[in-house]
There are 2 protein chains.
Amino acid sequence: MNPPPRRPLTLRDVSEASGVSEMTVSRVLRNKGDVSAATRTKVQEAAKRLGYVPNKIAGSLASSRVNLVGVVIPSLSNMVFPEVLSGISERLDDTGLQPVVGVTDYLPEKEEKVLFEMLSWRPSGVIIAGLEHSEASEAMLRQAGIPVIEIMDVDGVQIDSCVGISHRRAGRMMAEQIIEAGYKRIGFMGTKMPRDHRARKRFEGFTRTLAKAGIEIADQDFYSGGSALAKGREMTQSMLERTPDVDFLYFSNDMIGAGGLLYLLEKGIDVPGQIGLAGFNGVELLDGLPMQLATMDACRKEIGLAAADMIAKHYAEGADSYERRIELEPKLALGQTLLRR
Amino acid sequence: MNPPPRRPLTLRDVSEASGVSEMTVSRVLRNKGDVSAATRTKVQEAAKRLGYVPNKIAGSLASSRVNLVGVVIPSLSNMVFPEVLSGISERLDDTGLQPVVGVTDYLPEKEEKVLFEMLSWRPSGVIIAGLEHSEASEAMLRQAGIPVIEIMDVDGVQIDSCVGISHRRAGRMMAEQIIEAGYKRIGFMGTKMPRDHRARKRFEGFTRTLAKAGIEIADQDFYSGGSALAKGREMTQSMLERTPDVDFLYFSNDMIGAGGLLYLLEKGIDVPGQIGLAGFNGVELLDGLPMQLATMDACRKEIGLAAADMIAKHYAEGADSYERRIELEPKLALGQTLLRR
DNA sequence: TTGAAAGCGCTAACAA
DNA sequence: TTGTTAGCGCTTTCAA
């Protein structure tokens, strides 16, 4: 067989091997322009035989079209963002576009760095989590001249387009349910993440709605690191010791909620009679728990799909082919842990 | 302020704005070569003021250096691959290298497609899950002339480098523990995924070791789709109905194992007295369960870190600066569900 | 320390 | 239907 080349093959190699001009080879390989069937076959065979892989760097420079989509997310360490990513990947699948992922760890400086790095590839679009960015990041996004989709959140001012849910509203909705069900002594548990604006907004929506009903949070606790399920357990235990008269626990994510639920059930506490519970996210995991935890679906995959859809449409049909703002409805699921008492 | 440009800025713009040649601007922006402090400042200010973002497409074409690393994984829908990805992302963080992710859905044809797409960016390396690839994929990887790191598995022939655990051995180790503990009627539950070679190898290692001890699998079941926790529950229930005398359940992942565990505990079945349990993966989640599920850590994050480390070393110090094969030790954790009876 | 020229591998635009 | 020419925006190389 052919000895493996040290130098990557170029169009010229295929051109020489097939006896067709570089330009025509390029046309065949991109399915662009009219090429006779005979030539087409000749070229395809030569390309395949040689094992030619086109060089997109050169192609993109020449055509100023880049089939990359930047995706900027804060973390990969719970299922939330991988699910969004999965939606993006799925929608982009047969568009010829490819996601490039950057992780910010919830740090604005890192977001700037990641964004700068990405934009230097002149991607066809950027999908970025959240509406809060540093001035520099925002300037870069505005200057880029490409579609920018801010995802997960709609409470604020978007740069270009956005898809997400209203976290304030999500917090409010859950508070309303809890109030309506008659709970009065409400504890809150969440993550210690001042930079997680969505969690913050949910909390705000939640506490404000309670306040309007004359209820103040009875106790609250925040964790960082470790197994969320275990932390939910621990925090629940401490909270019950500190504030034995709580009658409802609202968790900022389902994982700690599940931990709390398992703890209460083990202790033989009547859920939702003595204590009601609710989480947030609508993770699949909940289906397998001994009791359905009340939660609210954050539409993670849909958000990924919708965001990628905007980019895909922009890429294929232009800037005016899609809605610039999509607010999804977080679906409330009362499960069995939040019931009128 | 400056009106936002429709055309992205080029080196020439910075050159003109700073009164310095393009070449020198390029040197400043890359911290390459000797430039006087005065010139440096002038250029940096101009670049910042204009909001210049370099064009890596052009830079890469000119220098034939591409700071991209292709990452090819089968799925994003459980925590396994996001965790690997997280390790990769972390290690690559300050190397100037960036991951580009492709998802194959366990389909060889899609792997080929994704790989072709990636290689056409001439990345500095590829990290790819598994040792089993189609002929075409393998040919592409060999021809690429870049470091190729196959991850997660070491049972087979590597193309270039690999990092992972031996899944056959993992299966064997767990079987040995189960046998030693005195269990005899063993049920297996896993995913319906003929293409998941690692799960297959674990199962093989497991059954062969049992066979040597004269034990045959008493019952087995495979699921696809849905919430793993719920499926673990359901499958466990059906298996107990079908084969009431099983005394051990081996699950191919911790999530279904946790479902099984919750089910058994609810039913008041004595674990591990009447029935022992084990899963696979060592997910953090397990820390919060009512009882510690026996499992084996698959070293997911370490694999990501080590694979990215190889690429980073290759990029910075050349092809001979790292070990070509790293077999990690899956750590066995017997928890409380696999005990001598 | 700085600058000028050449060209990376491809594609847009035009010509044949 | 096919080929030719001229860059895309940068970096390499070499000269000043």
Side-chain angles (χ1 to χ4, degrees), chain A residues 5-44 46-47 50 52-68 96 117 119-124 144-145, chain B residues 5-44 46-47 50 52-68 96 117 119-124 144-145:
Chain A
R6 218 48 263 157
R7 163 183 68 74
L9 297 164
T10 67
L11 262 193
R12 158 166 248 126
D13 296 305
V14 182
S15 163
E16 281 168 4
S18 61
V20 175
S21 78
E22 283 187 45
M23 197 53 232
T24 301
V25 171
S26 167
R27 288 194 183 100
V28 171
L29 268 23
R30 285 178 299 144
N31 275 317
K32 201 103 187 228
D34 295 320
V35 181
S36 73
T39 315
R40 180 176 301 279
T41 323
K42 239 189 332 190
V43 170
Q44 282 168 336
L50 297 175
Y52 172 70
V53 176
N55 184 330
K56 289 223 178 194
I57 304 271
S60 298
L61 183 60
S63 66
S64 37
R65 276 203 127 208
V66 181
N67 73 339
L68 258 23
E117 201 67 17
L119 292 178
S120 60
W121 284 104
R122 302 285 187 267
S124 288
Chain B
R6 219 47 260 157
R7 162 184 67 76
L9 297 164
T10 68
L11 262 192
R12 157 167 248 125
D13 296 306
V14 182
S15 163
E16 281 167 4
S18 61
V20 176
S21 78
E22 283 187 44
M23 197 51 238
T24 301
V25 171
S26 168
R27 287 194 184 99
V28 171
L29 266 23
R30 284 177 300 144
N31 275 317
K32 201 101 185 230
D34 295 320
V35 182
S36 72
T39 316
R40 178 175 303 279
T41 323
K42 236 189 332 188
V43 170
Q44 282 168 335
L50 297 175
Y52 173 69
V53 176
N55 184 331
K56 289 224 178 192
I57 303 270
S60 299
L61 182 60
S63 65
S64 36
R65 275 202 127 209
V66 180
N67 74 339
L68 257 22
E117 202 66 19
L119 292 178
S120 60
W121 284 104
R122 302 284 186 269
S124 288

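Since this is a predicted model, take the numbers as computed values, not measurements. So that the names make sense, note that chain A is the first sequence line, chain B the second, and so on, each numbered from 1.
Inter-residue side-chain proximity for Ser60(B) and Trp121(B) is flagged as unmet; no heavy-atom pair is nearer than 4.5 Å. Proximity of Thr24(A) to Lys42(A): side-chain heavy atoms (C-beta onward) are nowhere separated by under 4.5 Å.
dC10(C) atom P lies 15 Å from atom CG of Asn67(A), rounded to whole Å. If you measure from atom CG of Leu61(B) to atom P of dC10(C), you get 9 Å, rounded to the nearest angstrom. For the pair Asp13(B) CG and dC8(D) P, the computed distance is 13 Å after rounding to whole Å. For Arg12(A) and dT11(C), the CZ to C1' distance is 15 Å, given to the nearest whole Å. A straight line from CG of Leu9(B) to P of dC10(D) spans 10 Å, rounded to a whole angstrom. If you measure from atom CG of Asp34(B) to atom P of dG3(C), you get 14 Å, rounded to the nearest angstrom. When the P atom of dG9(D) is taken as reference, atom CG of Leu29(B) falls 16 Å away, rounded to whole Å. To the nearest angstrom, P of dC10(C) lies 13 Å from CH2 of Trp121(B).
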Just do the side chain to side chain contact (heavy atoms under 4.5 Å, CB included) check on Leu9(B) and Val14(B) with the steps written out, would you?
CA-CA 8 Å; Leu9(B) 297 164; Val14(B) 182; 5.7 Å; no

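OP1 and OP2 of dT11(D) both lie 4.0 Å or more from every side-chain N or O belonging to Ser64(B). For the OP1/OP2 pair of dC10(C) and a distance below 4.0 Å, the side-chain nitrogens and oxygens of Tyr52(A) include at least one atom meeting the criterion. Contact check, Ser60(A) against dC10(C): no side-chain N or O comes under 4.0 Å of OP1 or OP2. Distances shown here put every side-chain N or O of Thr39(B) at or beyond 4.0 Å from the OP1 or OP2 atom of dT1(C).
For the atom pair Glu16(A) CD and Leu11(A) CG, the distance stands at 11.0 Å (nearest 0.5 Å). Atom CG of residue Asp34(B) and atom OG1 of residue Thr39(B) lie 11.5 Å apart, to the nearest 0.5 angstrom.
Each of Thr24(B) and Arg122(B) was assigned the nucleotide of DNA chain C with the nearest heavy atom; the assignment lying further toward the 5' end belongs to Thr24(B).
Shortest non-hydrogen contact noted between Val53(A) and Arg122(B) is O-NH2, 2.7 Å.
Counting only heavy atoms from C-beta on, Ser21(B) has its side chain closest to dG3(C) among dG3(C), dT2(C), dG3(D). The side chain of Ala58(A) lies closest to dG9(C) when the candidates are dT2(C), dT2(D), dG9(C).
Counting heavy-atom neighbours within 6.0 Å of Arg12(A) CZ, excluding the residue itself, gives a total of 12 or less.
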N/O to N/O distances under 3.5 Å, protein versus nucleotides 12-14 of chain D:
residue: dT12(D); atom: OP2; partner: Arg30(B); partner atom: NH1; Å: 3.3

